[in-house]
Every structure is written in C-alpha cells, then in structure tokens.
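Down below is the structure, laid out as structure tokens.
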Amino acid sequence: VIRALLLLVVLAQGMNDSTLDARTREVASTLRCPACEDVSIEDSPADLARDMRKVVRQQLAEGRTPAQVKQYFVDRYGAWVLLDPAVTRRTAPLWFLPVFAVLMAGAALVIALRRWNRASHDVRDGESRGDANIVRARAPPGDANDFDELEADRLEGKISDGNYERLRRADDALAPVRTADQPPRRPGAPKAPHRRKGES
Amino acid sequence: VRSSRALLMLGGVPVLALLAFGLTRDPRLVPSELTGHAAPPFALAQIGGAPLKLADLRGQVVLVNFWASWCDACVAENALFRDADKRWRDQGLRIVGIVYEDDAKSAEDWMHKQGLVWPALMDPGSHTAIDYGLFGVPETFFIDRTGKVAYKQTGPVSAQVLEQWIPRLLAAQ
C-alpha cells in the first residue's frame, strides 16, 4: 500500500512538472530576450534568457498566473519585452502604421500599374497602325490647321486615340502663350482665317 | 497626377518622418521602467566581505554598477568610479558593484587587477539583474537618498554623466 501511494505521489509530481514545463515554455515564448535580437527567451541560448526562464518557472510554481509573470517583466523591461505587445496608446503605431503603409503602397502600385498599362497600350496601338512617325513629325501644337489634320488622321485611323488625346493636351498646356488673335480652336469647329504673328 | 501626389504626401511623408526620427535613436537603448520608482531591494553575498543589503545604504546616493570580468567596456569606467569615490564619498556617495554572469574567482581576480575598492556582490541566477531589467553590462543605476532610481546609464558611464547626476543627487534631501 505504501509503495502504491509513493508511486502515485511520484506520478502526480511528474505530471505537475510536465504541466509546469509546458506553461513555462508557453510564457517564455512570449518574452523577448534582452540580450538577443528578436528572439524569445524560450528560443535563446543566452545565459540571461536561461535565467529568465528559471524566473518564469519559479513564479509559475509559486502560483502566479501567466499574466502576472508577464507583468513582472513588463514592469522591469517595459512593453518592449513582450514579443506580441498589447494594443495601447503607446503601442498603437506599432500595429497600425505597417497596415497604413501597406495600404498606401498598394494604392500607389495600382495607380502606377494603371498608368503604365495605359501608356504601353497607347504606344502599341500607335506602332501597330504605323503612325508613330506621324506623331513625332507633327508640327508644334497650337496651330488650328494641325488640329484639322490631326482630326483627319484620327478619323482615318492613321493615329491612335491615345496619341490624339496626348497631342490635344499638349496644345492645351500651351494655350496661355497664344496671342489674342489666335484663339484655340477645337477640332470640328468652323475654320477661322489663319493668321500668324506680324500679319495684318 | 494630383491624386497620386496627395497619396504620396499622405503616405510617404509620415513614414519618412518616422524613419528619420528612428535614425536619431539608438535601437539598443531602451529607457528603464524603473526610473522614478523605488530601486528593487537586494541582499547579496559580497566577495571578500559581509553580505550587503541595499536597505543598509538608505539615505545615501548609491551607484549600482553591473559588471563582469569578461566585459571589456567595464574597464574604462573603473577609473571614473575611483575618482568619483574619492571625490564624493564623504558627501554620501556609495558605489556598489554587482557581478553579472560570472564566477566568483574570475570576478575577484579582476577586482584586484582593476583596483576596485567598493563592494562587489555576487548575483547567482541573475535574479537582481533581472529585477533591475538588465540588458547587458555595463549598466549603472543612480539611486537617490530616498531609494528611488533617478537615472540609468546603459553602457559605460562618462565623466559628464557623473558630473551631471552625482552633485545633484547629493544636494537633494
């Protein structure tokens, strides 16, 4: 009977130890090793990490909860010691700034891809229709006759819609430097007498 | 174009500002949580002397210096501690060394070699080091006359740090 009781005590002690070891590992894996770079005290071979694991085990054996043990280390090392810090006012940027940065980077990437896609599509269109030379050889924008030719080219399919729009925008950008007697004329509008600077 | 510029300003500027701020900081320096709080008590065996309690030094300004015989950076600050001990001991300064992750024999040899004249305490299991939130050695805690941690120096102390803190703490009651 005594032997059986002793065996039960030993078995119970063994179970307690293995449970305590598991709880120690669980808590230790959440605490950052102060002597290492981003490694938990559970995974670190450093002497200080080993001693911290012993403190964790001792405190759990004394009846402290895992939260109380973590708080003991936070009180000494700060929230830094937690590998997974709680969301507080001080730690909020740690959690939300990366998400914000990823969202911004994603948005910038989408915009850049769209532009790149549109530009390459226009170039492909233009080259496939053989109008690249036409676009390059075209006279500087601002001349109403050029618009007529441009419109005609576009209607005949010699120039792509994309290149047509690009030339139109370039003309709009130069609009402020036009003289008053050379108002910009939109394609399709009735032709005005074409005068150049110095003509009367 | 305007929307992408606004996006760049909204997302890029805060992130760049944060990175720029980060470059001005040393990531290895973490402020002590103990500053402004009561220094953790200890009662440790002294190399070549009687056990020492922090409570025995209450009412004096105490520098608790963690060191080890294998720590090269600890050598340089010893000359400064010797000067500080001579200069301010009569006014109530006490320096206490706590040996970190080292054996008593190596620590004792090093003490004699370095000419340490203040107590050196052994800290088995680094319990006191962990109680002080130690990251490594050398680290020094400046404790005022009321027993509160006034300042923590990570790395070797400098003459400027000693000059800045010790007279101020000695003057305070």
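For the numbers below, each heavy atom of this structure counts, side chains included, while hydrogens, waters and symmetry mates do not. Chain letters run A, B, ... following the sequence lines, proteins first and then strands; every chain starts at 1.
- Here the options are A/Gln59, A/Gln58, A/Arg64, the test is side chain to side chain donor-acceptor pair (under 3.5 Å), and the partner is A/Glu62; only A/Gln58 passes.
- Residues from residues 87-108 of chain B that place a non-hydrogen atom less than 4.5 Å from a non-hydrogen atom of chain A comprise B/Tyr100, B/Glu101, given in numerical order.
- One finds a salt bridge joining A/Asp47 and A/Arg50 here, because a Lys/Arg side-chain nitrogen approaches an Asp/Glu carboxylate oxygen to under 4.0 Å.
- For a residue to count as touching a neighbouring chain, one of its non-hydrogen atoms must lie under 4.5 Å from one of that chain's; by this rule A/Val81 does not touch chain B.
- For A/Leu48, the parts lying under 4.5 angstrom from a heavy atom of chain B are both the backbone and the side chain.
- Ring pair A/Tyr77/B/Phe135 is perpendicular by interplanar angle, where above 60° counts as perpendicular and below 30° as parallel.
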### Worked check of side-chain hydrogen bond (donor to acceptor under 3.5 Å, both in side chains) between A/Asn163 and A/Arg166
CA-CA 5 Å; A/Asn163 284 333; A/Arg166 202 178 303 152; 3.2 Å; yes
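- Only the backbone of A/Asp75 comes within contact range of chain B, with at least one heavy atom under 4.5 Å from a heavy atom of that chain.
- Heavy-atom minimum distance, B/Thr154 versus B/Glu139: CA-CG, 4.1 Å.
- Note: B/Phe142 and B/Trp165 have tilted aromatic rings, judged against thresholds of 30 and 60 degrees for the angle between ring planes.
- A side-chain donor-acceptor contact under 3.5 Å links A/Tyr72 and B/Asp131.
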